[in-house]
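These notes are about the structure you will find just below.
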There are 2 protein chains.
Amino acid sequence: MKINARDEKRLVMEILTKWGLNEDNAEIVADATVDADLKGFTSHGLGRFNQYIVGIEHNNINLHGEIEIETETDAVALINGNYTFGQISAYKAMKIAIEKAKKLGISAVGTHNSNHFGVTGFYADLAVKEGLIGIVLANTAPAIAPLGGKTPVLGTNPIAISIPSDNTFIATDMATSASARGKLLEAKRKGEKIPEGIALDGDGNPTTDPVEALKGSILPFGAHKGYALAFMIEILTGPLVGAGYGTGVQGTADPTVKSTKGDLFIAIDPEKFVGREVFKEKTDDFINELRTTTPNTIVPGDIESKNIENRTDKCLDIDPELYKILNSICEEVNINLDDYTC
Amino acid sequence: MKINARDEKRLVMEILTKWGLNEDNAEIVADATVDADLKGFTSHGLGRFNQYIVGIEHNNINLHGEIEIETETDAVALINGNYTFGQISAYKAMKIAIEKAKKLGISAVGTHNSNHFGVTGFYADLAVKEGLIGIVLANTAPAIAPLGGKTPVLGTNPIAISIPSDNTFIATDMATSASARGKLLEAKRKGEKIPEGIALDGDGNPTTDPVEALKGSILPFGAHKGYALAFMIEILTGPLVGAGYGTGVQGTADPTVKSTKGDLFIAIDPEKFVGREVFKEKTDDFINELRTTTPNTIVPGDIESKNIENRTDKCLDIDPELYKILNSICEEVNINLDDYTC
């Protein structure tokens, strides 16, 4: 089975509105889903719907919830996501951040009672679409042990930063762990080893066995420096925004339980510093220098933008397992899945 | 020769005021200098004065310059440092950021025409002293080559983050390169090898020879992820704040030339999110969990706070080379260095 991005968006919106989500909110979730699949993070796109439906059944994703601003100034806000789709609370939080930053130059909006929101970079990119810099941080279920330890306490805590440019998609979107948990699960399924320097077993010793690693912990990327970053993100998306932290973070992998993760959305408007046009001109000049000195280098964002370019307007494979799940989701709400496939 | 922190501050203030700096500004530079030496970053403390004096002689450090706010909103400011001591422009920029963040919850202040400011963390710590979170970014002279390249384009671009707590000094202050340039210089001087995975030679090949590494480039920490961070910091402290970027950054190592580096100071007030007391309580609870699950772990900031504890009120060694330099500086302005030593 194959599907293209346009039909994927139509399909997701159709499923979500049949589930009872209003059209505007359905479009937000659909756009975020397609973005993940186009960028190549398929586990965060359509591939996540089997979990979303469980979350809805358990009332851990609230189809009729609306976000609620708990505290607010002209530059910040703290939002109760009220367990809407994470995409909806994240989208609305970043939109609020963008409006505030346009007036004052910088803003930060935190969310708690939020849910899985797809790829972190999607929300940083929202700022770029309006000429601003976007920064998004989130915490996740414990995965990384404290330095020298064996008990996971820190999440894989992603950071995404996107930068406006006239010529280039400039963005980074990365976990602060050395590997995503999904890669460990994949290696286990395929009976493969994992690379060295990625994970520890349950006793805190290095392992290349994914089964042992899944009983243990994932290492931070870049040793103590990556550890310090994961640690700081935990604080900025936990204690600061009224969300869980440490082992108190219930992540989004188990949709039968309410998530306690938190997010922080920062927008910066270059207009209030050097001016948007000057900023883009200089940034593009900098990118140009990188590419001139090193013609084959990779600028952060190059891989995603190549994926988007290669995938847009093409029919993309959906694996048989996912097809089965989607088909059963569609049948329940009287959608003919084959109306949407290539 | 030995000196303690109290006398070091007196000495630095005496030298600086003799040079013509006013008392308030002299105290800022003195506090930053002592902070570097207490934390153990001695190359950024007293050890830097031989360069400062050259900078002053060449009019690249302006003793009578004052910072100038070029653009401003209630949440951001862009500052022309006018080549004052970097410590002065950085201190004043962070103080402005703190005042703005106290009103609105977040702020960002950028500086250009700035100079060497000692340790990055000193300015993040200023926010913590007033109950706020401090984040400081800076770019530096090119040191890191683009991924896959050999020509340095990115600086060692430090990031410092400090977090208020009732119990613990919580702070990270790190270069986004795998090593400081100073460590390469030290290995060269001692005729030692450098560790693997730190640097490339002039042809872009891995090397453990510091002489070859100094002709080549330093690697980012944590491979492509650390690279992406160094890259983003370059943009946030170059194009965004009207400073140099890429090979256009004239760093502070050569005080005979004007610096074109840039800095960004961000303050976040938890009071406008969950409240300062709740934030500190939860953060301390998180730290407690880290230490409970892993009794021997290192929380970011532990090493610096242990250094400060061990060094405060003690007489600390000053190496003979630095003593000679300080002595000659003192003689020129009729200070008896031995009045300040232990």
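Every chain is numbered from 1 and lettered A, B, ... according to where its sequence line falls, protein lines coming before strand lines. Because the structure is a prediction, the values reported are computed rather than measured.
Using cut-offs of 30° and 60° for the angle between ring planes, the Phe231(A) and Phe286(B) rings count as tilted.
Smallest separation of non-hydrogen atoms from Ala75(A) and Ile106(B): O-CG2, 3.8 Å. Across all their heavy atoms, Thr293(A) and Val153(B) have their closest contact at OG1-CG2, 3.6 Å. For the pair Phe221(B) and Gly222(A), the tightest heavy-atom approach, listed with the atom from each and the gap, is CD1-O, 3.7 Å. Residues Val76(B) and Gly105(A) come closest through the heavy atom pair CG1-C, 3.7 Å. Between Gly246(B) and Glu289(A), the shortest heavy-atom contact is CA-OE1, 3.4 Å. Closest approach of Gly242(A) to Val274(B), counting heavy atoms only: N-CG1, 3.3 Å.
Ranked by heavy-atom pairs under 4.5 Å with chain A, the list Leu240(B), Asp285(B), Ile287(B), Leu290(B) is led by Leu240(B). Most heavy-atom pairs under 4.5 Å with chain A, from the set Leu78(B), Ile266(B), Leu154(B), Ile135(B): that is Leu78(B). When each of Val299(A), Val278(A), Ile159(A), Thr283(A) is checked for heavy-atom pairs under 4.5 Å with chain B, Thr283(A) comes out on top. Chain A forms the most heavy-atom pairs under 4.5 Å with one residue out of Gly301(B), Gly148(B), Ala228(B), Pro220(B), and that residue is Ala228(B).
To the nearest 0.5 Å, atom CG of residue Leu229(B) and atom NZ of residue Lys225(A) are 11.0 Å apart. The line from CD1 of Ile161(B) to CG of Leu236(A) is 6.5 Å long, rounded to the nearest 0.5 Å. To the nearest 0.5 Å, atom CG of residue Leu104(A) and atom CG of residue Asp74(B) are 6.0 Å apart. Here CZ of Phe273(A) is found 10.5 Å from CD1 of Ile79(B). Values are rounded to the nearest 0.5 Å. Here Thr73(A) contributes atom OG1 and Glu271(B) contributes atom CD; the two are 12.0 Å apart, rounded to the nearest 0.5 Å. Here CD1 of Ile170(B) is found 7.0 Å from CE of Met232(A). Values are rounded to the nearest 0.5 Å.
Contacts between Glu70(A) and chain B at a heavy-atom distance below 4.5 Å are absent for every atom of the residue. With a 4.5 Å cut-off on non-hydrogen atoms, Ala223(B) does not touch chain A at all. Contact annotation for Leu147(B): both backbone and side-chain heavy atoms come within less than 4.5 Å of a heavy atom of chain A. Heavy-atom distances place the side chain of Thr71(B), and not its backbone, under 4.5 Å from chain A. With a 4.5 angstrom heavy-atom cutoff, Thr247(B) touches chain A via backbone and side-chain atoms both. Residue Ala175(B) touches chain A through both its backbone and its side chain, counting heavy-atom pairs closer than 4.5 Å. Contacts of Ala77(B) with chain A are made by backbone atoms alone, with heavy-atom separations under 4.5 Å and no side-chain atom involved.
Of the listed residues (Thr294(B), Thr292(B), Asn296(B), Ile298(B)), just one forms a side chain to side chain contact (heavy atoms under 4.5 Å, CB included) with Pro146(A), and that residue is Thr294(B).
Under a cut-off of 6.0 angstrom, the local environment of NZ in Lys282(A) is crowded, with over 12 non-hydrogen atoms contributed by other residues, nucleotides or ligands. Atom NZ of Lys183(B) has 12 or fewer neighbouring heavy atoms from other residues, nucleotides or ligands inside a 6.0 Å radius.
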Quiz item: Hey, mind stepping through Ile235(A) and Phe279(B) against side chain to side chain contact (heavy atoms under 4.5 Å, CB included) and telling me if it holds?
Solution: CA-CA 9 Å; Ile235(A) 292 175; Phe279(B) 174 75; 3.6 Å; yes
